[in-house]
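In what follows, a structure is listed as structure tokens, so that the remarks can point back to it.
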Amino acid sequence: MTILRHELKQNKKSLIIWIVAIAFLLATCIFLFPEMKGEMDSVSEVFSSMGGFSEAFGMDKVSFGTLTGFYSVECGNILGLGGAFFVALTAVTILAKEEKEHTGEFLLTHPISRIEVVTGKLIAVLVQVVVMNLIIYLVAIGSMAVIGEEIPWKEITLLHTAYFLMQLELGGICFGVSAFLRKGSLGIGLGIAIIMYFLNIITNISESTEFLKYITPFAYAEGTDIVSNLSLDISLIVLGMAYGIAGIICGYIKYSKKDIA
């Protein structure tokens, strides 16, 4: 519990900044919808006829004239990328920083096992992801109520659930990677998130690269697919959670045997 409290206290400022930034952009996007609603039908026609570009972002599957269609594309990108960047940066530094900041020798002299250290840090990442997603979900619902739109509870809940699960997978993978790092790690975390994002875009453009959807967590967090089908792809989610768990297990194994510099 001491490690958990320490990590949460140390990352509090970063968590608040990310929550405020994502929530502000999300709320602003929702507040713009009533002003743009009347023009969105023509916008949808334009986007749907843009070929590969429309397919890359799923804009050919939904109508921008509806709140769910608008939210799945515009707000979905904000939450998808913002959440992915936050969890990747948080998880990929959580174990590596003990060597980078030369605090490992102090931490490991305390009467706690390395397993307890890893567990405390893992729970800290999970708590931050849960807090961020819960607050942003409430902000999204509240913003929709403010503009007077009927809240599409099922669609919004499915979307946010998918983004949450995506962040858990990315967090697990980056957490495992963190155990192998000794110095710089921010670039690696961002790199993992960006690569996964672009793999999903490539998957949407070409049928020959459809196999990539089994690699990137953005595949089951595709907002337009979720809104169109009103369901989540359970098979991809199970596979994604397996990747995340595998990353966490690797982190435990590596850190428990690691020679801390």
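The basis for the numbers below is simple: all heavy atoms, side chains too, and nothing from hydrogens, waters or symmetry mates.
- Nearest heavy-atom pair across Asn200 and Ala219 is OD1-CA, 3.3 Å.
- The side chain to side chain contact (heavy atoms under 4.5 Å, CB included) search around Thr119 returns Ile115, Ile123, Tyr252, not counting sequence neighbours.
- Distance check: Ile22 CD1 to Ile136 CD1 gives 4.0 Å after rounding to the nearest 0.5 Å.
- Between Ile195 atom CD1 and Ile215 atom CD1 the span is 11.5 Å, to the nearest 0.5 Å.
- When the side chain to side chain contact (heavy atoms under 4.5 Å, CB included) test is applied to Ile245, the partners found at least two apart in sequence or on another chain are Ile249.
- With sequence neighbours excluded, no residue satisfies ring pair (Phe, Tyr, Trp, His ring centres under 6.0 Å) with Tyr220.
- For Tyr243, there are no side chain to side chain donor-acceptor pair (under 3.5 Å) partners, not counting sequence neighbours.
- In the hydrophobic cluster analysis, where Ile, Leu, Val, Met, Phe, Trp and Tyr join through side-chain heavy atoms closer than 4.5 angstrom, Val130 is grouped together with Leu158.
- Remark: Asn133 engages Gln167 in a side chain to side chain donor-acceptor pair (under 3.5 Å) (not counting sequence neighbours).
- Legend: side-chain hydrogen bond (donor to acceptor under 3.5 Å, both in side chains) pairs involving residues 14-33, not counting sequence neighbours: none detected.
- The line from CD of Glu155 to OG1 of Thr66 is 9.0 Å long, rounded to the nearest 0.5 Å.
- Residues Tyr71 and Ile30 form a side-chain contact, since some pair of their non-hydrogen atoms from C-beta on lies under 4.5 Å apart.
- Closest approach of Pro152 and Leu67 over heavy atoms only: CD-CD2, 4.1 Å.
- By the 30° and 60° cut-offs, the orientation of the rings of Tyr197 relative to Phe218 is perpendicular.
- When all heavy atoms are compared, the tightest approach of Ile226 to Ala162 is CD1-CB, 3.5 Å.
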What side-chain donor-acceptor pairs closer than 3.5 Å can you find for residues 81-92, not counting sequence neighbours?
unit_1: Thr90; atom_1: OG1; unit_2: Phe86; atom_2: O; d: 2.8

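- The distance from atom CG of Leu159 to atom CG of Leu232, rounded to the nearest 0.5 Å, is 8.5 Å.
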As a quick check of understanding, evaluate side chain to side chain contact (heavy atoms under 4.5 Å, CB included) for Ser178 and Tyr255, giving each step before the final call.
CA-CA 9 Å; Ser178 181; Tyr255 199 80; over 6 Å; no
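- The heavy-atom pair separating Met166 from Pro217 by the smallest distance is CG-CB, 3.6 Å.
- Residues satisfying the side chain to side chain contact (heavy atoms under 4.5 Å, CB included) criterion with Thr203, sequence neighbours excluded, are Leu212, Lys213.
- Following chains of ILVMFWY side-chain contacts shorter than 4.5 Å, one can reach Phe198 starting from Ile173, so the two form part of one hydrophobic cluster.
- Hydrophobic clustering, with ILVMFWY side chains joined whenever heavy atoms are under 4.5 angstrom apart, groups Ile94 together with Val131.
- Follow the hydrophobic side-chain contacts under 4.5 Å out from Tyr214 and you reach Leu165 in the same cluster.
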Could you go through Leu95 and Phe175, starting from their C-alpha distance and side-chain angles, then the distance that decides it, and tell me whether this counts as side chain to side chain contact (heavy atoms under 4.5 Å, CB included)?
CA-CA 7 Å; Leu95 294 175; Phe175 186 84; 3.9 Å; yes
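- For the salt bridge (charged side-chain N to carboxylate O under 4.0 Å, His left out) condition, no pair includes a residue of residues 227-243, sequence neighbours left out.
- Within the structure, salt bridge (charged side-chain N to carboxylate O under 4.0 Å, His left out) contacts touching residues 145-154 (residues at least two apart or in different chains) are Lys37-Glu149.
- Pairing each heavy atom of Ser72 with each of Thr224, the nearest pair is OG-CG2, 3.9 Å.
- Shown here are the side chain to side chain contact (heavy atoms under 4.5 Å, CB included) partners of Ala27, two or more places apart in sequence or in another chain: Phe31, Val139, Ser143.
- Put simply, Met144 and Leu230 are part of two different groups of oily side chains (I, L, V, M, F, W, Y) that touch within less than 4.5 Å, one to the next.
- Side-chain contact between His6 and Gln10 is present, with at least one heavy-atom pair separated by less than 4.5 Å.
- Scanning for side chain to side chain donor-acceptor pair (under 3.5 Å) contacts around Thr157 gives Tyr137, with sequence neighbours left out.
- Contact between Glu7 and Lys121 at its shortest, heavy atoms only, is OE2-NZ, 2.5 Å.
- Distance check: Cys174 SG to Leu190 CG gives 9.0 Å after rounding to the nearest 0.5 Å.
- To the nearest 0.5 Å, atoms CD1 (Ile202) and OG1 (Thr209) are separated by 6.5 Å.
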